[in-house]
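Everything on this sheet refers to the single structure shown next.
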Amino acid sequence: MNAETAGYLKKIMGKVKKAYVIGGDKIISEQMRKQVASYSMLQDSYVIRVAGKNRYETCIAVNKQFSSTLSSSSVCIAKGLDFPDALAGGVYAALK
């Protein structure tokens, strides 16, 4: 965990009730997930991993996890093969 992220987690300590780690343990290690819990003073069970077998299944898992808070009359799609497409597309989708 870089210093900026650790500093931010310490700054918001006690204000966060639940945290989500998006991605499997090959992308974000279990040790990192536990660090998030310790820096933010959350019980380990309140740092929830949302993941699938690959990036596409992880996307589905994220949509299912947050389905009660997501609402839209449209959808944006980015291919999962090229990093810049999804990065720029995410900003576009947020604006729409």
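Since this is a predicted model, take the numbers as computed values, not measurements.
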Atom CD1 of Ile27 with >12 non-hydrogen neighbours under 6.0 angstrom: no

Got a sec: does the OH of Tyr56 have more than 12 other heavy atoms crowding it under 6.0 Å? yes

Quick one: salt bridge (Lys or Arg N to Asp or Glu O under 4.0 Å) partners of Glu57, sequence neighbours excluded? none

Salt bridge (Lys or Arg N to Asp or Glu O under 4.0 Å) filter on Arg55, not counting sequence neighbours, yields none

Heavy-atom side-chain proximity of [X] to [Y] below 4.5 angstrom:
X: Met1; Y: Val36; answer: yes
X: Ile28; Y: Arg49; answer: yes
X: Val50; Y: Val21; answer: no

Return yes if some donor-acceptor pair links the side-chain N/O of Thr58 with the main-chain N/O of Gly23 below 3.5 Å, else return no. no

Inter- and intrachain pairs under side-chain hydrogen bond (donor to acceptor under 3.5 Å, both in side chains), touching residues 13-26, at least two apart: none

Separation of [Y] [atom2] from [X] [atom1] (nearest 0.5 Å):
X: Tyr8; Y: Asn2; atom1: OH; atom2: CG; result: 13.5 Å
X: Lys34; Y: Ser29; atom1: NZ; atom2: OG; result: 10.5 Å
X: Thr5; Y: Met32; atom1: OG1; atom2: CE; result: 8.0 Å

For Ala51 and Gly24, which heavy atoms make the closest approach, and how far apart are they? CB-N, 3.5 Å

